[in-house]
Every structure is written in C-alpha cells, then in structure tokens.
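To start, the structure itself, in structure tokens.
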Amino acid sequence: MLELQNVRENPELVIKGLRKRHLDQAEALVNQLLEADQNRRQTQVQLDRLKAELNTQSKNIGIFKAQKQENEAQAAIEATAALKAQIKEGEELLRNFEKQVQDTLYLLPNLPHDQVPEGKNAEQNLVAYAHGDLPQLPENARPHWDLIRDFDIIDFEMGVKVSGAGFPFYKGAGARLQRALISFFLDEATKAGYLEVIPPLLVNADSGYGTGQLPDKEGQMYFAPADDLYLIPTAEVPITNIFRDVILEESDFPLKRVGYTPCFRREAGSWGAEVRGLNRLHQFDKVEIVQIQHPDHSYQALEEMKTHVQGLLEKLGLPYRVLKLCAGDLGFTSAFTYDLEVFSGAQKRWLEVSSVSNFETFQANRLKLRYRAKDQKKNVLAHTLNGSALALPRIVAALLENNQSLDGQSIALPSVLHAYTGFTKIEKKVKMD
RNA sequence: AGAGGUGUGGCAGAGUGGUCGAUUGCAUCGGUCUUGAAAACCGACGUACCGCGAGGUACCGGGGGUUCGAAUCCCUCCACCUCUACCA
C-alpha cells in the first residue's frame, strides 16, 4: 500500500509512477484519493472538537456529582444529548471517508523504481544477463511430460484421481529428487546467512492483506471457509507476516529468513497448451528467501539475493537468463523485480523459476513494519524483499529435459545433488505403483 | 470438544464506572556525583491520526453495546492456562 502522506505531498510523482505501469485511471484514482483524504481530515478535525467538548462536559458532570450538586449534574447530562447526536453523525461520516481512502489505496499498485525499464507487457522485459550455452538436444529429445511417464517418477493421473488436475504424485526417484532439491536449496540459503523457518501453510485474512495478496488476488488462493483461512500461494506470506505490527531497532537489520513450503494456487483461468506437465501446477514446492532491510540497503540486498539465485542455477548447471521486469509487467506490490528463467531444452522454452523483488515500503506499510530511526522522531517503514530460491517443478522439468541421455535410458543429475539423492542418474527401472 | 480461569505499555504488575493514557518496580536513554565504573540521586521513556502551533482525538486481546462518562459493566469473537475427553 502506498504511503498516504507521500501521495498527498507528491501527487504528480505518484501519477507519473502509476502511468509508467500503464495504469489507465492513474490520475483519476489519485485525485479521488486526495479528495477522500481531504474530506476525512476535515471531518476528523470537527469530530475531534466535538469529542473534546463531550469529554469536558463529562468531567464536569463527575465533579458536580462529587460535590453533590445533583441539579447541575442533571442539567449538564441533558445538555450532552445534542452533542452526542452530532458525534454519532460525524463518526458515520468519518467511517465513510476512511473507507473511501482505504478502498482507493488498495487499488493502487506500488510505484516502479527509477531503474525499472519502460514497457507495457512481458514482451518488453529486458534481458539483463544470460549464462550458459543452450543445450543441443537431438530432434527426438523428449519433453519432461514424456520423460516422467517413461521413468515413472511423477504421476499426474494418480493425482487427478486423488485430488484433481495439477496435483501430481512424485514417486520413487522423482520423490527423492524433490526432497534433494529442497534440502540443497535450504542448505545453500543457510550458508548465505538465512535463518530457516517452517511456517504454517494456512494463514488468516490479516496476513493476506499484510503482504498484498488480499484484496488484489482473492480468487487466486484456496480458502477454507469453515475456519476463514487461506492456503498460502507462497511462503512469502507467512514468513513476511512474522514481522507484522513490529517495531525494529536499526541494529536488527538485516533480517534474513528462508523457508520451504508447498504452495497452493488456484490459477483460475490460466490453463492452456503452454502449461503442460510441470509448467504450471496447483500445488508445488518452493524454497523462499525473505529479507527485511533498512531502506538505504534494500537495493544492495536485492542484488545479493539475485546473485544467490544465480549461484543455485549455476551449481545445477542450468542455462538461465535474468530479466528486469518492465513497469507494465511488474507485480502489484513490487517496486523492482528480477525474473530468472531457465532454458528447458526439449520444450525449447524459457521457464520462470524465480522472481526476486524489492517491495520497498509497500508491504511494510500494510504490515506496520517499522524501525526506530536514530536521527528521526518518527518511526520509519522498513523495506521488505523476497525471492524464490527456488521453485521446484520447472527446475525439475529443465533438469530432466536437458540431461536426458542420447539413448533415452537415463537422466544424469548435477553433481551437487548426488549427496542428497544417493544416486547420480535416474534410470529406467521395473515399473512401480 | 466440554468445564473453569486469564488477557493492562519492552517485561513484571496495580487499577473494578468519574480530572486514568493509566500507580509502581525492572529494563532502556540522558544528567549529577566519580580518575573510571558501580551504587545513589534527578530527569526522560508507548503507538497512531489531526492541527502552523498551543494542543486535540483514539488505543488497556479484537469487534460491538450500556452510560453524560468504560481498562473497569454487558454481548460476541480470538488467544493463552488448568482440568476432563479425544487424537498424530
């Protein structure tokens, strides 16, 4: 959520930022917000005055009563009736204006950082860096959805039977590979100074609002109505919300957390030919890194997080590229995002496996996550960042496709995983179920 | 899940309808004293909104209500504790 004070003081900058995102009604929304804010403040001044008056009266009544001046007390009590009516009216008005402010504020996405490239949509994202040669696979190289069936390591039909489309079973070497990747990612993050946490997988609405999934993406999360809880779409939600309503000391920075969780996404309306196999799932595994940072150091932290993710991809031997998202493709809450994509050789496609973002104060504002600044009177909003390190399914897709042997009998695994899997390649075996 | 209890500022812990945003202790930060430190003493010490300012308003787990006035009374939800039941 944008800082109201900033919108009030720099409306033209805010409009400029929103325009960069190609938000159509940028100016209208900002004006609507400022008007509601103006009304709200005016109403509050009047209301506060009325309340002050009533407080004074009440105190006087107390004093009359203490002095046994019953007649005076009674008269004063009767005199408050009109005041009370006015206050009730004012409160109603104030609530309305507050809601207008709040509702409008919820509609406004974060402002893009100056360095975010111009652009309207995903096609205009900037390739900032590329690493590794694209694999030269023979014409008959198989896409991962065929490989997982041949090697019997991931079973979609079994998942359909038990849950539905997009909820696969991982089996045997496939399950083991999954577990190996999770451990590898967690260990690497721990080495980089992140504290590992295992968070809850269901969160309340306050947490959803805190990190910005609500109200923006209400329909994208699974919801358990009996208990009013949402299944997390990413570990970002529970991990960042640890710091909701927290006031830090400057010496607490940086706070670095890592967590592995399954992620649940309804992905309503986003299914098509592009999303075969592991490319898009309702439930998938992800290791997420989160940092809470001092505003002066958050962009340095963003680079550090991006570099960390690059390191993982390099150790896995996957060709990848780094995209700077253009303003139009930036997520609702983000001020700056790097997407990392790996090349999946048989599909011949780039697959997004990580998104590393700086939210600046956008989440912190909703979270009320602040720190005591030594040189300032007021407490200051911290910056929040997070990144996937990494999301598993597409990594698995790329590993399988890029490392399949020419004879189709095995799939080699990168050496960093051997200690975790206990085997160096996946081989065709006796069918198991 | 049933019965009972509890929920106050960083922590501990008063306050049960009236000048209470809240006594006090500890912690923290300034100062005095000291060669330095400790001790002692003095002072400061929650958050947010509004206001140029003096200052005002709101917040005692969340929400609602009663009242001229609520930390205090009522309703409701939530969390924690104890006992009982159940369970990985």
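Naming convention: chains lettered A, B, ... in sequence-line order (proteins, then strands); numbering from 1 in each chain. FYI, side chains are in, hydrogens and waters are out, and symmetry mates aren't considered; it's all heavy atoms of this structure.
A sub-4.0 Å separation between OP1 or OP2 of B:A48 and a side-chain N or O of A:Arg370 is present. At the phosphate of B:C50, OP1 or OP2 sits under 4.0 Å from a side-chain N or O atom of A:Arg8. Distances shorter than 4.0 Å separate none of the side-chain N or O atoms of A:Arg372 from OP1 or OP2 on B:U28. For B:C59, the OP1/OP2 oxygens have no side-chain nitrogen or oxygen of A:Lys368 closer than 4.0 Å. OP1 or OP2 of B:C49 has not a single side-chain nitrogen or oxygen of A:Arg41 nearer than 4.0 Å.
Between the CD atom of A:Glu3 and the C1' atom of B:C49 there is a distance of 15 Å, given to the nearest Å. As a whole-Å value, the separation of A:Asp206 CG from B:A79 C1' is 14 Å. Rounded to an integer number of Å, the gap from CG of A:Leu50 to C1' of B:G51 is 16 Å. Atom NZ of A:Lys51 is separated from atom C1' of B:G56 by 11 Å (rounded to the nearest Å). Atom CG of A:Leu229 is separated from atom P of B:C78 by 12 Å (rounded to the nearest Å). Protein atom CZ of A:Phe64 is 18 Å distant from nucleotide atom P of B:G18, rounded to whole Å. If you measure from atom CD of A:Gln46 to atom P of B:C49, you get 20 Å, rounded to the nearest angstrom. Whole-Å rounding puts the A:Asn39 CG to B:C50 C1' distance at 15 Å.
As judged by a 4.0 angstrom heavy-atom cut-off over every strand, A:Arg49 is placed among residues making no nucleic acid contact.
Taking the P atoms as reference points, B:G46 lies 16 Å from B:G25, given to the whole Å. Using atom P as the reference point in both B:A22 and B:G56, the two lie 12 Å apart (nearest Å). Rounded to the nearest Å, the gap between the C1' atom of B:G7 and that of B:U72 is 14 Å. Taking the C1' atoms as reference points, B:A79 lies 38 Å from B:G43, given to the whole Å. Annotation: B:G15 and B:C29 have their P atoms spaced 31 Å apart (nearest Å). Using atom C1' as the reference point in both B:A27 and B:G13, the two lie 14 Å apart (nearest Å). The gap from the C1' atom of B:G61 to that of B:A71 amounts to 12 Å, rounded to the nearest Å. Distance noted for atom C1' between B:A14 and B:A48: 26 Å (whole Å).
Residues A:Asn110 and A:Ser334 have side chains that never bring a donor and an acceptor to within less than 3.5 angstrom of each other. Side-chain polar atoms of A:Lys286 and A:Thr234 form a donor-acceptor pair below 3.5 angstrom. Between the side chains of A:Asn379 and A:Tyr371, no donor-acceptor pair of N or O atoms lies under 3.5 Å.
Enclosure of atom CD in A:Glu9 by more than 12 non-hydrogen atoms of other residues, nucleotides or ligands within 6.0 angstrom is indicated. For A:Glu314, the CD atom sits in a packed shell: over 12 heavy atoms of surrounding residues, nucleotides or ligands are nearer than 6.0 Å. Other residues, nucleotides and ligands contribute at most 12 non-hydrogen atoms within 6.0 Å of the CD atom of A:Glu35.
Ring geometry for A:Tyr194 versus A:His308: interplanar angle of 30 to 60°, hence tilted.
Residues A:Lys378 and A:Asp48 both approach RNA chain B. Their nearest nucleotides, taken by heavy-atom distance, put A:Lys378 toward the 5′ side. In terms of position on RNA chain B, the residue among A:Leu4 and A:Ile247 whose nearest nucleotide sits closer to the 5' end is A:Ile247.
A:Phe332 does not carry A:Lys217 over the face of its six-membered ring by the limits of under 6.0 Å from the centre and within 45° of the normal.
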Seminar exercise, completed: Nucleotide by nucleotide, nucleotides 63-75 of chain B touches protein heavy atoms under 4.0 Å in the pattern (B base, S sugar-phosphate only, - none) -----BS------
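In terms of the side chain to side chain donor-acceptor pair (under 3.5 Å) criterion, residue partners of A:Tyr222 (sequence neighbours excluded) are, by chain and number, A:His282.
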Problem set entry | Nucleotide pairing, RNA chain B (Watson-Crick or G-U, distances under 3.5 Å), in dot-bracket with [ ] and | | ((((((((.[[[..)..(.....]]].(((((.......))))).(((((....))))).[[[[[..)....]]]]])))))))....
For this session: Decide yes or no on side chain to side chain donor-acceptor pair (under 3.5 Å) for A:Tyr230 and A:Asn204, but give the supporting numbers first.
Result: CA-CA 6 Å; A:Tyr230 295 86; A:Asn204 56 32; over 6 Å; no
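At least one side-chain heavy atom of A:Pro109 sits under 4.5 Å from a side-chain heavy atom of A:Arg21.
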